[in-house]
Asks: 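Got a structure for you, questions after.
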2 protein chains.
Amino acid sequence: MKKADLSREPGVPRRNNTQQILNAAEKIFSAYGFAGARVDDIAKACALPKANILYYFGSKEELYRATLQRLLVGWLADADQWISIKHTPIVGLEGYVRAKMEFSRSRPDASRLFMHELLAGGEYVRVFLDSTLREHVEQKALVFEYWHKEGLCAPVNATHFLFTLWSMTQAYADMQVQFAAVLGRRRLNITDFETGISTIMQLVGAICRTSQPLTSHKQADTIQQKAATKRNRIPQ
Amino acid sequence: MKKADLSREPGVPRRNNTQQILNAAEKIFSAYGFAGARVDDIAKACALPKANILYYFGSKEELYRATLQRLLVGWLADADQWISIKHTPIVGLEGYVRAKMEFSRSRPDASRLFMHELLAGGEYVRVFLDSTLREHVEQKALVFEYWHKEGLCAPVNATHFLFTLWSMTQAYADMQVQFAAVLGRRRLNITDFETGISTIMQLVGAICRTSQPLTSHKQADTIQQKAATKRNRIPQ
DNA sequence: GTCTATACACAGATAGAC
DNA sequence: GTCTATCTGTGTATAGAC
């Protein structure tokens with residue numbers, strides 16, 4: 001009795017298998033990192049022969065690079081959409097936190113894989129960190145500057161504030177085992193993530209409501225928008 | 001020319017070496033995790049023969065357990081000292097954040113090792129998570145409850161609030177590579193940690209200042225204490 | 001293109017000299 | 001107690017049958 005010979009048409013098996021392999025690789029690499037993962041485990045996770053995997057990707061290292069690459073694509077998309085002068089801080093930051101938390105909930109392995117890479121020194125994401133991510137943060141800092149000038153948010157170190165947003169939201173993936181244990185569960189459920197969002201937004205509120213109110217005429221009708229921790233719309 | 005034959009008196013070499021090995025093990029395990037670390041790398045890191053290490057600890061797994069054990073001891077001490085009804089929220093939480101950040105700064109490897117263990121599933125810290133840590137959090141939740149009843153802090157989900165404090169502070173160790181890259185440095189410096197503390201305390205301020213002020217007579221002279229983000233004293 | 005069988009290197013562990 | 005030399009299982013990678 002063969003395992004999983006579903007969707008294995010002889011014509012286009014390669015593209016089909018490639019995705020299966022990448023999914024399995026993300027799962028295994030996210031648990032044990034590059035050095036700790038075994039190609040054989042990845043093979044078992046996608047029910048494909050080990051040699052098959054190495055045939056497609058050439059080597060374990062190339063497979064690792066490909067897995068990371070797929071991860072980084074779209075990693076920054078959420079921030080571009082939500083941390084923008086098109087939104088008020090309260091709306092934009094909640095949208096961002098919700099998007100990051102949804103990522104932690106639906107693709108925890110992706111988040112964990114990235115953390116593994118950072119723990120190991122970030123050799124394989126060096127270019128991404130030094131160029132792409134750094135420039136990204138500089139752009140977002142301009143948005144916070146704008147928000148502050150408009151009297152929409154308190155003065156804050158935008159870079160370190162982003163650090164806190166990343167760490168709080170990604171922790172719901174990376175530290176899920178710890179959080180679940182404290183809550184007496186085996187895994188976090190959807191309600192836990194909602195409670196997390198509410199708690200994070202409570203903290204973020206310290207930034208959204210200006211501690212030193214400016215006299216901007218725009219202030220009154222913007223910062224009064226309530227947190228709306230249950231919705232996830234684009235107001236515009 | 002021999003390496004490091006300093007402090008190797010024939011009488012008590014064992015206890016001496018044991019510490020050296022544990023230090024090296026923490027360093028290597030924190031970078032690659034249990035599965036990814038090589039005993040030989042640990043041997044090189046402490047300039048001792050591989051067989052020597054296995055002689056002292058029996059196996060790689062036993063060495064890993066011992067390294068984790070040393071880590072968990074005192075992991076919770078900071079919280080017991082600072083998250084206490086002896087302090088006001090503003091003083092206690094800043095003390096706690098400072099202590100956690102100092103840990104991330106001075107012993108980043110310890111923090112990273114714990115993260116590695118969580119990513120791998122937490123098998124070796126299962127008992128700690130399910131019993132010790134869980135009970136610890138329940139105790140701390142009582143402190144937050146007390147603080148809220150006294151009108152000293154806003155209503156907050158104590159468990160998830162602790163999650164945010166852990167994640168924000170430990171990220172300065174676990175994500176140090178990423179943070180440093182964004183800041184254009186090779187490593188975080190002491191100023192970066194201070195800025196991090198300030199930013200975190202800005203967020204924590206949302207909890208310390210009650211959003212729904214109670215009429216407690218104690219309120220006026222307690223919540224007015226300023227953040228004092230530069231000091232670190234115990235006000236009794 | 002796919003997969004079985006295998007080569008080769010390396011890791012953890014141990015035997016035994018000192 | 002300490003450490004060199006070595007055994008044995010496991011891991012990556014590949015050769016070659018189908």
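No hydrogens, no waters, no symmetry mates; every other heavy atom, side chains included, goes into these values. Remember, it's a predicted structure, so these values are computed and weren't measured experimentally.
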Asks: Could you check how far CZ of F57(A) sits from P of dT2(C), rounded to whole Å?
Replies: 13 Å
Asks: So is K100(A) actually on top of W75(A)'s ring, under 6.0 Å and inside 45° of the axis?
Replies: yes
Asks: Please report the closest heavy-atom contact between V39(B) and K50(B), naming both atoms and the distance.
Replies: CG1-CG, 3.7 Å
Asks: Can you measure Y56(A) atom OH to dG1(C) atom C1' for me and round it to whole angstrom units?
Replies: 7 Å
Asks: Ignoring hydrogens and geometry beyond distance, is a side-chain donor-acceptor pair present between N17(B) and Y56(B) at under 3.5 Å?
Replies: yes
Asks: Would a 4.5 Å heavy-atom cut-off, applied to side chains only, mark F114(B) and Q178(A) as touching?
Replies: yes
Asks: Starting at the 5' end of nucleotides 11-17 of chain C, put B wherever the base has a protein heavy atom under 4.0 Å, S where only the sugar-phosphate does, and a dash everywhere else.
Replies: SBBB---
Asks: Specify the separation, in whole Å, of atom CG of L48(B) and atom P of dT4(D).
Replies: 10 Å
Asks: Is the number of heavy atoms from other residues, nucleotides or ligands under 6.0 Å of K60(B) NZ greater than 12?
Replies: yes
Asks: Taking CG from N52(A) and P from dG1(C), how many angstroms apart are they, rounded to a whole number?
Replies: 11 Å
Asks: Using side chain to side chain donor-acceptor pair (under 3.5 Å) as the criterion, list what pairs up with N23(B), not counting sequence neighbours.
Replies: R70(B)
Asks: Using only heavy-atom distances, determine whether the side chains of S111(A) and D174(A) contain a donor-acceptor pair under 3.5 Å.
Replies: yes
Asks: So if I take residues 21-30 of chain B and measure heavy-atom distances to DNA chain C, which residues fall below 4.0 Å?
Replies: none
Asks: Could you give the distance from CD1 (I207(B)) to CZ (F161(B)), rounded to the nearest 0.5 Å?
Replies: 5.0 Å
Asks: Tell me: CG of N17(B) to P of dT2(D), nearest whole Å?
Replies: 6 Å
